[in-house]
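Data block below; observations after.
Letters A, B, ... mirror the listed sequences (proteins, then strands); counts begin at 1.
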Number of protein chains: 2
Amino acid sequence: MAASTLTEVARLAGVSPATASRVLNGSARKPGQDIADRVRQAADSLGYIPNAQAQGLAKSSSGLIGLIVHDIADPYFAAIARGVQEAAREQGRMVLLATTAGAPGDEKEAVAAFAARRADSIVIAGSRSARTEDSKGNADLAAELDRYCRNGGQVAVVGHPVVGAAVTEGYHVVEVPNEELAASLASELAASRPDDDFVIIGGPDGLFTSDDRVRGFQQGLAEAGRPPAEVLRSSFNRAGGYEAGLTLAARIKAAGPGGKTGQGNGVHGKARGLCIFAVNDVMAIGAAAALRSEGLRIPRDATIAGFDDIETLRDFRPALSTVHLPLEDIGRIATRSAAGSAAAEADAAAAPSPPVTGRVTLRRSTEMAS
Amino acid sequence: MAASTLTEVARLAGVSPATASRVLNGSARKPGQDIADRVRQAADSLGYIPNAQAQGLAKSSSGLIGLIVHDIADPYFAAIARGVQEAAREQGRMVLLATTAGAPGDEKEAVAAFAARRADSIVIAGSRSARTEDSKGNADLAAELDRYCRNGGQVAVVGHPVVGAAVTEGYHVVEVPNEELAASLASELAASRPDDDFVIIGGPDGLFTSDDRVRGFQQGLAEAGRPPAEVLRSSFNRAGGYEAGLTLAARIKAAGPGGKTGQGNGVHGKARGLCIFAVNDVMAIGAAAALRSEGLRIPRDATIAGFDDIETLRDFRPALSTVHLPLEDIGRIATRSAAGSAAAEADAAAAPSPPVTGRVTLRRSTEMAS
DNA sequence: CTGATTCGGGAAAGCGCATTCCCACTGCAT
DNA sequence: ATGCAGTGGGAATGCGCTTTCCCGAATCAG
């Protein structure tokens, strides 16, 4: 028994397919009450389910939203995905998921696949990369997006625009003030940790999100009259944080065995502590785990801060200082800004994009030594 | 500029649409080399992207996999989703996401939507419910799945079968040995905590996953010669765990202020500790947070264990004793078992479904008191 | 009571592609 | 030279639905 079709419903109801279509799916023309009832009854007596593919083909629009993330199991992306999902539901659309591990080549393919499915809009979350080895991929991606937009697609990018993207029509960017927030974090940290040296654990060079946060942090430090922090680069995940954490642990132990009151490193008689800024929470957690595994305690032997304020990580102890980002809202905003209708564009003109605001959140992991 | 069509490509290449179709998409008949080249060249000079909707309509199959979860931001589901996504990629399909907060009514709608999109298969993760208020929704869901399967769809359910599902054709269940594993956990805990009383923090009555784990744990306790544990019911998330944790904290403090050596509660002169089993990690973390907020320490004032071994929570301290579940594999297995082909069915006959195995993992949170 | 409008319904033309059928042609054996 | 299968390409049909166009009937003004 194959799924029943509109034609069958129409026949059962004794009307034409055109009429059946008009009553079953929102059409401008409303058939008479009695006919409508007959059709509707026929429809659910047959268990009729409209074929979305055929509908899509006929009106060339699919009710699909494409979402591109690096990794859906990463809580950062999962949170954004939740927002996207919610907004999609509001719009009566479904979300199509693609994960790419951040490879622009894969992202290009994902965009092509979405385009093939005639997705109404595409949301790209996850940091853009400016690394030279990605430049080919980025160019391809930009071209693909270009084409997609020219064919009427709407795309929203979280964070940084895609490198080399030329179109403006239908291309939206949800700005995340990474740099400013990182600067604020730095300045608050500088104030609360007057005697600490700072070090940054960053992601790979060229990752915009990472680079912005590093730059902002350095700037905040400079404004507070602090010297620039050293930057350790590693991968943008827990493992990267852990690795960098091991390096730092060794250094801390070498500098002051048994605590920071060892053989005074610094011109003042007073020993200097170390404050670590990891460019995201997951890396911070990794670094913290590394320190702990080396017998170091936080915030006693070093202090640490992250970025994102991942919900699942809030129960981590010592509570992680970080910058809160409304991840779910970001997903929602991105999805809405790519909702692509005349109304939406009018709105967009009025409010180019509801600004994303974060908040520095200092917690126990950078608390003053008692 | 609308997206170019196969016909345009064919015209440019000077061949018929049929031929173009044959070269551009895997067809049994391979046109001649020269023609193939011409077509391919025409295709990418036009930036041709096949219209998946039309393809789907024509061959009635969409290359889509529907995934139903309660909440994509929940790390449990996010992990499963990752597995599903990977398997989908292997199969050259894309995943369509639906979140339902566990409401059978929403799940039914999601299935209908997937059916409308002619998804090749559907993976349902997330606990089934047997609560009476859900019985109507469950029946509807079962009916919808039934219809979907009869129309050739493949369904894989993680954990428990949908209540009332009648079809067998195309209906797969990935069994998760919740009960057995919970029993093992109980027996190991009983051995390592000989002097503890046990208490269980469960989800709402009627949630299969929760009920299975509760039942298994009780059984394990019984086999170890321990009396049944009291069961506290609350919601299946962190908040629920937190709430139950507060209740328990009050109880612990009342029983033995300042530690468990207070006014001896028990026939032996020796005070008894409390070992808490929360039916999932997230609840366990919530309960732990509640205890901590009440000034209690783990494992000193109480010990606690969870279930799932959520990756993001592994850095939690004290490290949480739990039951490891290969979440990602589960997603992968479910997706593969619903891959729905003759070959897959032959495989399925050979290996009904690659068994999911978990592992009791005792860590610091239930460590022997020193 | 007639002519100009609506109004409600049906017929039919695609949407973009896969696929079946058909045909012209080649190569081979007879 | 003639018949045969085999091969490679094109014409045409249909997937299920939307939508334009058309037409008969009903409504209204004059």
- Would one find a side-chain N or O of Ser21(B) under 4.0 angstrom from OP1 or OP2 of dA18(C)? yes
- Query: Nearest-Å distance, CZ (Arg11(B)) to P (dG9(D))?
  - Reply: 20 Å
- salt_bridge(Asp146(B), Arg150(B)) N-O dist < 4.0 Å: yes
- Note on the structure: Of dG16(D), dG14(D), dG10(D), the nucleotide closest to the side chain of Val15(B) is dG10(D)
- Item | Gln41(B) and Asp37(B): CA distance, side-chain angles, deciding distance, side chain to side chain donor-acceptor pair (under 3.5 Å) verdict | CA-CA 6 Å; Gln41(B) 187 179 333; Asp37(B) 288 347; over 6 Å; no
- Message: Using whole Å, what does the distance between atom C1' of nucleotide dG16(D) and atom NZ of Lys59(A) come to?
- Response: 13 Å
- Rounded to whole angstroms, how far apart are CD1 on Ile35(B) and C1' on dT7(D)? 13 Å
- Query: Leu6(B) near the nucleic acid: base, sugar-phosphate alone, or nothing, with a heavy-atom cut-off under 4.0 Å?
  - Reply: sugar-phosphate
- Spacing between Gln33(B) atom CD and dG9(D) atom C1', to the nearest angstrom: 16 Å
- Message: Less than 4.0 angstrom from a charged side-chain N to a carboxylate O is my criterion; do Arg38(B) and Asp34(B) meet it?
- Response: no
- Item | Gln55(A) side-chain N/O to dT18(D) phosphate OP1/OP2 under 4.0 Å | yes
- Looking only at dG10(D), dG16(D), dC17(C), the nucleotide nearest the Ser16(B) side chain is dG10(D)
- Query: What is the distance, rounded to the nearest whole Å, between atom CD of Glu8(B) and atom P of dG14(C)?
  - Reply: 16 Å
- Query: Hey, is the side chain of Asn25(A) poking within less than 4.0 Å of OP1 or OP2 on dC17(D), counting only N and O atoms?
  - Reply: no
- Query: Within this structure, what is the CG-to-P distance between Leu24(B) and dC17(C), rounded to whole angstrom?
  - Reply: 9 Å
- Can Glu90(B) and Arg332(B) be counted as an ion pair, charged N to O under 4.0 angstrom? no
- Message: How many whole angstroms separate atom CG of Asn151(A) from atom P of dC15(C)?
- Response: 16 Å
- Item | Thr19(A), nearest nucleotide to its side chain (from dT19(C), dG9(C), dC15(C)) | dG9(C)
- Message: Does Arg22(A) contact dG8(C) through a side-chain donor or acceptor facing the base, at a distance under 3.5 Å?
- Response: no
- Item | Length of the line joining Asn51(A):CG and dC17(C):P, which is rounded to integer Å | 17 Å
- Query: Hey, does Pro50(A) reach any base, or is it just sugar-phosphate, or nothing, if we go heavy atoms under 4.0 Å?
  - Reply: sugar-phosphate
- Task: Check the angle between the aromatic planes of Phe77(A) and His70(A) and answer parallel, tilted or perpendicular using the 30° and 60° thresholds.
- Result: tilted
- Base, sugar-phosphate alone, or nothing: which one does Thr5(A) contact when heavy atoms must sit under 4.0 Å apart? sugar-phosphate
- Message: On DNA chain D, compare the nucleotides closest to Ala20(A) and Leu57(B); which residue's is nearer the 5' end?
- Response: Leu57(B)
